[in-house]
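These notes are about the structure you will find just below.
Read the numbers this way: they start at 1 and go in the same order the structure lists the ligands and their atoms.
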Amino acid sequence: MADLAATAEALIRGDRDTVVNLVKQALDEGVDAEKILDEGLVAGMDVVGQKFKNNEFYVPEVLIAARAMNASMELLEPALAKSGVKPAGVVVLGTVKGDLHDIGKNLVGMMLKGGGFRVVDAGIDVPPERFVQLAQDNGAQLIGLSALLTTTMTQMPNVVEAVKEAGLDVKVMIGGAPITQEYADEIGADGYAPDAASAVEMARGLIG
Ligand code: B1M
């Protein structure tokens with residue numbers, strides 16, 4: 001019998017082989033792909049996110065869990081596509097213009113994927129107009145901006161402005177080491193998240 005709680009537990013341990021085997025077994029037994037995603041993988045990644053937030057897990061543990069999640073998603077994706085399951089939302093995620101740091105941004109992307117979002121990775125050193133273009137092309141509801149430098153966080157209001165100018169109904173969430181809630185308020189961003197787990201909660205809140 002498919003055991004989705006055990007799948008979540010193996011994901012939290014970062015035990016990729018066990019997660020993949022349990023997902024395969026559940027699919028073979030005819031368990032709904034969306035149920036496997038929600039009750040196995042997303043449930044597990046939510047715990048990983050909480051542990052990371054509480055400093056019980058560090059970056060390596062999150063990356064290992066995310067790797068197990070990604071390997072299982074390869075198995076699940078065809079079944080999800082067939083059953084017409086829609087992602088929780090589409091997020092264009094990138095590091096702002098002039099900034100080459102991407103470790104935090106990638107972590108946020110993995111956690112968002114773990115939370116059921118489709119993530120369009122815009123990469124690093126991304127100019128405002130590129131964020132707007134990608135959001136339009138992909139029907140995104142949210143643009144996520146990461147900045148690690150005090151000299152590049154000043155690009156964030158330019159993206160907020162570009163979104164407004166394009167008349168897009170897209171929310172902007174920001175984060176990165178020098179970013180604060182006060183800064184988000186000051187530049188008119190819709191949300192700020194201090195870490196990857198909070199970014200998932202914030203994205204869920206913003207997309208509704
Ligand atoms: Co750079 N660097 N760096 N660096 N670097 C910092 C950021 C710095 C604080 C180091 C220092 O001086 N103590 C400093 C910034 C100072 C400042 O502006 N206040 C700095 C500097 C100065 C520079 C250069 C200018 C150095 C130089 O060349 N003289 C240069 C700039 C290059 C550029 O971007 N144009 C530079 C270059 C580099 C490397 C290329 C060598 C490398 C980046 C490699 C890479 O990313 N692929 C690098 C690194 C690794 C760092 C440190 C050591 C680590 C950053 C990191 O990855 N942290 C960093 C010092 C430090 O933080 N200890 C430093 C781990 C990561 C998981 O955390 O990115 O904060 P973080 O992400 C967190 C949260 O912030 C949040 O969630 C993540 C997970 O919890 N978050 C979001 C991030 N984005 C989010 C988006 C969201 C929500 C949450 O919503 C969309």
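Residues T7 and V23 share a closest heavy-atom pair of CG2-CG2, 4.0 Å. Residues G175 and M156 come closest through the heavy atom pair O-CE, 3.6 Å. In terms of heavy atoms, M45 sits closest to A66 at CE-CA, 4.0 Å.
Among all non-hydrogen protein atoms, the one lying nearest atom 18 (O) of ligand 1 is T150 N, 2.9 Å. Protein heavy atom in closest approach to atom 35 (N) of ligand 1: G98 O, 2.9 Å. When only non-hydrogen protein atoms are considered, atom 34 (O) of ligand 1 lies nearest to L100 N, 2.6 Å. At the top of the distance list for atom 85 (C) of ligand 1, counting protein heavy atoms only, stands G175 C, 3.5 Å. Summary of contacts: the protein heavy atom closest to atom 50 (C) of ligand 1 is I103 CD1, 4.2 Å.
Near A196, meaning under 4.0 Å from any of its heavy atoms, are these atoms of ligand 1: 77 (O), 79 (C), 80 (O). Of all atoms in ligand 1, listed by their number and element, those nearer than 4.0 Å to a heavy atom of L107 are 67 (C), 79 (C). Using a 4.0 Å cut-off to heavy atoms of D102, the atoms of ligand 1 that qualify are 45 (C), 46 (O), 47 (N). Near P194, meaning under 4.0 Å from one of its heavy atoms, ligand 1 places the atoms 74 (C), 76 (C). Residue G144 approaches ligand 1 through these ligand atoms, each under 4.0 Å from one of its heavy atoms: 91 (C). For ligand 1 and D99, the ligand atoms under 4.0 Å from any heavy atom of the residue are 34 (O). With ligand atoms numbered from 1 in the order given, ligand 1 contributes 88 (C), 89 (C) to contacts under 4.0 Å with heavy atoms of A193. Counting the atoms of ligand 1 from 1 in the order shown, those under 4.0 Å from a heavy atom of L148 are 7 (C), 15 (C), 69 (O), 70 (O).
Within the 4.0 angstrom cut-off, atom 38 (C) of ligand 1 has one or more protein heavy-atom neighbours. Within a 4.0 Å radius of atom 89 (C) of ligand 1, the protein has at least one heavy atom. Counting protein heavy atoms under 4.0 angstrom from atom 10 (C) of ligand 1 gives zero. Within the 4.0 Å cut-off (strictly below), a protein heavy atom is located near atom 43 (C) of ligand 1. The protein does not reach atom 58 (N) of ligand 1 closely, with no heavy atom under 4.0 angstrom from it. Within the 4.0 Å cut-off (strictly below), no protein heavy atom is located near atom 28 (O) of ligand 1. Closer than 4.0 Å to atom 52 (C) of ligand 1 lies none of the heavy atoms of the protein. Distance screen at 4.0 Å: atom 21 (C) of ligand 1 has a protein heavy-atom neighbour inside the cut-off.
Within the structure, the closest approach of F52 to ligand 1 falls below 4.0 Å when heavy atoms are considered. I174 counts as a contact of ligand 1, since one of its heavy atoms falls under 4.0 Å from the ligand.
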Between N106 and D121, does a side-chain contact (heavy atoms from CB on, under 4.5 Å) hold up when you go through it step by step? CA-CA 8 Å; N106 291 342; D121 187 355; 4.0 Å; yes

Derivation and outcome, side-chain contact (heavy atoms from CB on, under 4.5 Å), residues L93 and K105: CA-CA 7 Å; L93 180 67; K105 184 263 296 171; 3.9 Å; yes

Under the side chain to side chain donor-acceptor pair (under 3.5 Å) criterion, do Q25 and E29 qualify, and how do the steps go? CA-CA 6 Å; Q25 191 190 331; E29 286 174 13; 3.2 Å; yes

Show the numbers, then the answer: is there a side chain to side chain donor-acceptor pair (under 3.5 Å) between N70 and E74? CA-CA 7 Å; N70 287 339; E74 280 174 28; over 6 Å; no

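When only interatomic distances are considered, the shortest N/O to N/O separation between S146 and ligand 1 falls below 3.5 Å. Looking at V108 next to ligand 1, no N or O pair under 3.5 Å apart turns up. The shortest N/O to N/O separation between K105 and ligand 1 does not fall below 3.5 Å. Annotation: L93 places no N or O atom under 3.5 Å from an N or O atom of ligand 1; distance criterion only.
Checking each of L11, L76, V48, V19 against M69 for a side-chain contact (heavy atoms from CB on, under 4.5 Å) leaves exactly one that passes, namely L11.
The closest heavy-atom contact to atom 3 (N) of ligand 1, among the options K53, M156, H101, comes from H101. Closest heavy-atom approach to atom 15 (C) of ligand 1 among the candidates I179, L145, L149, V92: L149. Compare G176, G49, G104 by their heavy atoms: the one nearest to atom 81 (N) of ligand 1 is in G176.
Between the D195 side chain and the A197 main chain, a donor and an acceptor come within less than 3.5 Å of each other. No donor-acceptor pair under 3.5 Å is formed between the side chain of D99 and the backbone N or O of D125. Proximity of a side-chain donor or acceptor of D190 to a complementary backbone N or O of M173 within less than 3.5 Å is not detected. Side chain of Y192 to backbone of Y183: no donor-acceptor contact under 3.5 angstrom is found.
Annotation: side chain of T95 is not in contact with side chain of V126 (no heavy-atom distance under 4.5 Å). The closest side-chain heavy-atom distance from S198 to K53 is below 4.5 Å.
Surrounding CG of D137 are more than 12 heavy atoms belonging to other residues, nucleotides or ligands, all under 6.0 Å away. Within a 6.0 Å radius of CZ in R130, other residues, nucleotides and ligands contribute 12 heavy atoms or fewer.
Hydrophobic cluster membership differs between L142 and V90, with clusters built from Ile, Leu, Val, Met, Phe, Trp and Tyr side chains linked at under 4.5 angstrom.
Between D185 and Q181, the side chains place a donor N or O and an acceptor N or O closer than 3.5 Å (distance only, hydrogens not considered).
The residue T151 has no part lying near ligand 1, judged by heavy-atom distances below 4.0 Å.
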